[in-house]
There are 2 protein chains.
Amino acid sequence: MTPEPNLLAVIQRQLSELNKSEAKVAKAILNAPEEATRSSIASLAAAAGVSEPSVNRFCKRFGATGFPDFKLQLATSLASGVRYVSRAVEFSDDINTFPTKLFDNAINALMTAKEELPLKAIARAVDQIAQARRVYFFGLGTSAAVARDAEHKFFRFNVPVFTHEDPLMQRMLAASAGVGDLFFFISHTGRTKVLVEAAEIARQTEASIVSLTAEGSPLADKSHCCINVKVEEDTEQYLPMTSRLVQLVILDVLAAGVTLRRGEGFTPHLARIKDSLKDTRFQTS
Amino acid sequence: MTPEPNLLAVIQRQLSELNKSEAKVAKAILNAPEEATRSSIASLAAAAGVSEPSVNRFCKRFGATGFPDFKLQLATSLASGVRYVSRAVEFSDDINTFPTKLFDNAINALMTAKEELPLKAIARAVDQIAQARRVYFFGLGTSAAVARDAEHKFFRFNVPVFTHEDPLMQRMLAASAGVGDLFFFISHTGRTKVLVEAAEIARQTEASIVSLTAEGSPLADKSHCCINVKVEEDTEQYLPMTSRLVQLVILDVLAAGVTLRRGEGFTPHLARIKDSLKDTRFQTS
DNA sequence: TCATTATGTAGTAAATTTACTATTTTTAAA
DNA sequence: TTTAAAAATAGTAAATTTACTACATAATGA
């Protein structure tokens, strides 16, 4: 029994692959999920404009044994209070609605990412980082801030870490790379030309290339190891929001992985770094 | 409809006040709550050793309209109570456990933050940003990356935006501020000395000071408007992870708020910025 | 014993599912 | 293209399961 943590997201995702009446049912449920959990199969069928067996088939398509079981799963996934369907902010929104929408979208993205975590790629990336002699984190735009954040995390592992936002620096560093160097590219689309070019240049050296980007993208093609992030985000229309959150958490995961790899003996080292900050803060009164 | 947050606890509490057959039903449910949500009234009655109407009466006694409604409430309260606990990564963790833990922690933090969102402070911050002539985002350490991210978001609003990681630059800019300048300080603890000092300097000018930090901290005290983030994170022992995620989403919220404030006429402007990136990407094949 | 409460029986209405049929859509061949 | 066969989709009707109500019986306490 592995109940889907967020059924609505699954429905939303498969919406395009459903046939006519199934899509009608899906829309009716997405419109009023809470109500659906309290409806009978007859009233939901009426609301969707389909027959009762169609609703039943819909339920089975999504892994339920039948309608009641489906309602149960729906209620369970609704219980956390998160709206599991990404909703765009509209101009009719106000202070009471749009913050919630954005938080829900963020939570939703993390939950989806968590379900589809490419553990094998992550494990390999941890290996590579743990062994690297030097690590470069390269990103542009929003991903540059992510790269900066990564720098802040990974310098703790006694490996020299570098970030550069300047594409020319990125190219030159890529060109001068050698054995033991690791280039970590971060990009939501995986299609930013200058970044892909830098990866291409690095690829001609002995360096390893790890990327955190979209599956099948040009950047992924250039990488020895690619951590795929599947975040459905319309970056053409909106700003990247959720994708960078997922990227950050995955980098946290990698950092934790390296920490575990270093073993318990490494803890004092981390503590020393922590301690160095003590005098920079006002004490808690 | 205000469903009881934890139905099982309520049943447990009232156990002594129930009559014989109701007590039997209660025990059967407490024994196997998950199973109860999947049972029919007949099978639950059999499991409890009572008749079906007894089960029905039991349900009504606890505020449900009937057995299906009761099952729904039970399922809901079972779903919510479970995964609300942050779990630390331990050295006994492996690739199959620690990524999930970290994602869960991140999701939890966002869910908690969402429930305690300081909407009034957010609305005020949006006002101030929308009116500002210039905006400075200042943070240090992990928060520097957040500030960088903010810069990337807010320059779109036709307001000059600046970030500096250099504390000396921060001080000097704070000192030279005037009417219409907005300083936006980002800090998890709100106790970083150099940042608080910069805020103090800025406070002596005509500039407005907004901060995204912990309630009651020295930094919060210096601010005209403080957006409190309550994230329980042991930064003494671990790296800051979840707090910066919450900060990022709140900055997204602020950006969305400013966009809404600018109104629909502003959309073409945003679209133009988007378009400027088109030629930097490889086209989707 | 009587009144009151508690519990169970049986029947009914409602809801769900199954099996089957008509229709539409797709596929492949002419 | 056009046509015919195959596959899929969606609905009808009937069977089955489920939940509830009214009523009867049993238990309890005064």
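What's counted below: heavy atoms across the whole structure, side chains too, no hydrogens, waters or symmetry copies. Order of the sequence lines fixes the chain letters, A, B, ..., with proteins taken first and strands second; residue numbering starts at 1 for each chain.
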Rounding to a whole Å, what distance do you find between [X]:[atom1] and [N]:[atom2]?
{"X": "B:N56", "N": "C:dT12", "atom1": "CG", "atom2": "P", "result": "18 Å"}
{"X": "A:I41", "N": "C:dT18", "atom1": "CD1", "atom2": "P", "result": "10 Å"}
{"X": "B:R38", "N": "D:dA19", "atom1": "CZ", "atom2": "C1'", "result": "20 Å"}
{"X": "A:E17", "N": "D:dA8", "atom1": "CD", "atom2": "C1'", "result": "16 Å"}

Show every donor-acceptor pair shorter than 3.5 Å between a side-chain atom in residues 255-265 of chain B and any protein atom, with sequence neighbours excluded, or say none if there are none.
from, atom 1, to, atom 2, distance (Å)
B:T259, OG1, B:A255, O, 2.8
B:R261, NH1, B:D127, OD1, 2.7
B:R261, NH2, B:D127, OD1, 2.5
B:R262, NH1, B:A130, O, 3.3
B:R262, NH2, B:F157, O, 2.8

Can you name the side-chain hydrogen bond (donor to acceptor under 3.5 Å, both in side chains) partners of [X], sequence neighbours left out?
{"X": "A:K222", "result": "none"}
{"X": "A:D149", "result": "B:R244"}
{"X": "B:T65", "result": "none"}

- State which residues pass salt bridge (charged side-chain N to carboxylate O under 4.0 Å, His left out) with B:E17; sequence neighbours excluded, sorted by chain then number. none
- Task: List in chain and number order the residues that pass salt bridge (charged side-chain N to carboxylate O under 4.0 Å, His left out) with A:E197, two or more places apart in sequence or in another chain; answer none if no residue qualifies.
- Result: A:R171
- Query: Which parts of residues 19-28 of chain B get close to DNA chain C, meaning a heavy atom less than 4.0 angstrom away?
  - Reply: B:N19, B:K20, B:S21
- Item | Any residue of residues 57-71 of chain B with a heavy atom less than 4.0 Å from an atom of DNA chain C | B:R57
- Just call it for B:S54: base, sugar-phosphate, or nothing, with non-hydrogen atoms closer than 4.0 Å on any strand. sugar-phosphate
- Closest to the side chain of B:E52, out of D:dA19, D:dT21, D:dG11, is D:dA19
- Query: Out of D:dA19, D:dA13, D:dT21, which has the shortest distance to the side chain of A:P53?
  - Reply: D:dA13
- End axis versus end axis in the helix from C:dT1-D:dA30 to C:dA30-D:dT1, the angle rounded to 10°, five pairs used at each terminus: 20°
- Query: Salt bridge between B:D69 and A:R38, side-chain N to carboxylate O under 4.0 Å?
  - Reply: no
Just distance, no hydrogens or angles: give the donor-acceptor pairs under 3.5 Å from side chains in residues 96-103 of chain B, sequence neighbours left out.
from, atom 1, to, atom 2, distance (Å)
B:T97, OG1, B:D93, OD1, 2.7
B:T97, OG1, B:D94, N, 3.0
B:T97, OG1, B:D94, O, 3.1
B:K101, NZ, B:A88, O, 3.0
B:K101, NZ, B:D93, OD1, 3.4
B:K101, NZ, B:D93, OD2, 2.9

- Message: My understanding is that only residues two or more places apart in sequence, or in another chain, count here; which of them pass side chain to side chain contact (heavy atoms under 4.5 Å, CB included) with B:P118?
- Response: B:A121, B:I122, B:I227
Side chains of residues 50-57 of chain B: which donor-acceptor partners sit under 3.5 Å, not counting sequence neighbours?
from, atom 1, to, atom 2, distance (Å)
B:S51, OG, B:S54, OG, 3.3

- Task: Answer yes or no: is there a side-chain heavy-atom contact under 4.5 Å between A:V194 and A:T192?
- Result: yes
